[in-house]
Amino acid sequence: MRKKERKLIVTFHTTADAMAMEQVCKENGVQGRLIPVPRSISAGCGLAWCAEMECLEQLAGLMKSSGIKEQAVHECMI
């Protein structure tokens, strides 16, 4: 079994915002991936962006400049 690590989880109200986040991150070379929302978190669309904890400021800047609205930002062991 894979060892759990602390990750940054960004949840979204809509699937469109989650997909936009994936596109913006790919275009800007930001590491991360779309995942199903972990069971310990409830979120509107069921998709979340998972990234390393160090990416918080970079992701926040990308979301603001791209008009992507997050539902919440969490720290989770996954």
Side-chain angles (χ1 to χ4, degrees):
M1 192 159 104
R2 189 174 73 160
K3 183 180 175 185
K4 291 186 177 190
E5 298 176 1
R6 198 170 106 196
K7 298 285 186 176
L8 180 68
I9 306 294
V10 182
T11 58
F12 305 94
H13 290 286
T14 67
T15 302
D17 280 335
M19 301 300 286
M21 180 68 152
E22 181 179 42
Q23 184 65 35
V24 166
C25 287
K26 281 184 180 180
E27 290 171 357
N28 289 280
V30 178
Q31 296 293 315
R33 62 190 172 103
L34 280 179
I35 63 167
V37 174
R39 294 178 192 193
S40 60
I41 302 171
S42 63
C45 79
L47 291 174
W49 185 255
C50 177
E52 298 297 325
M53 294 299 301
E54 304 84 46
C55 295
L56 178 59
E57 289 181 28
Q58 187 177 20
L59 290 174
L62 281 175
M63 287 186 289
K64 184 175 182 177
S65 67
S66 302
I68 298 171
K69 302 286 185 187
E70 78 275 6
Q71 180 176 4
V73 178
H74 305 270
E75 292 181 25
C76 290
M77 295 294 288
I78 60 169

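All of these numbers come straight from a predicted model, not from anything done at the bench.
- Linking Ile, Leu, Val, Met, Phe, Trp and Tyr residues whenever their side-chain heavy atoms come within less than 4.5 Å leaves Val10 and Ile41 in two separate clusters.
- When all heavy atoms of Cys55 and Gln31 are compared, the closest pair comes out as SG-O, 4.5 Å.
- The two atoms that bring Asp17 and Lys69 nearest to each other are OD2-O, 3.3 Å, heavy atoms only.
- Hydrophobic cluster membership differs between Val37 and Met77, with clusters built from Ile, Leu, Val, Met, Phe, Trp and Tyr side chains linked at under 4.5 angstrom.
- Linking ILVMFWY residues whenever their side-chain heavy atoms come closer than 4.5 Å, directly or via other members, places Leu56 and Ile68 in the same cluster.
- The CD atom of Gln58 sits 7.5 Å away from the CG atom of Asn28 when rounded to the nearest 0.5 Å.
- No continuous path of ILVMFWY side-chain contacts below 4.5 Å connects Met19 to Ile9, so the two sit in separate hydrophobic clusters.
- The minimum heavy-atom distance linking Leu47 with Phe12 is given by the pair O-CD1, 3.9 Å.
- A salt bridge links Lys7 to Glu52: at least one charged side-chain nitrogen sits closer than 4.0 Å to a carboxylate oxygen.
- Listed for the Glu22 side chain is no donor-acceptor partner under 3.5 Å among the backbone atoms of Leu34.
- Note on Met63: it does not cluster hydrophobically with Ile35, by side-chain heavy-atom contacts below 4.5 Å among ILVMFWY residues.
- The shortest distance between side-chain heavy atoms of Thr11 and Ser42 does not fall below 4.5 Å.
- Remark: Glu27 CD is packed, more than 12 non-hydrogen atoms of other residues, nucleotides or ligands lying under 6.0 Å away.
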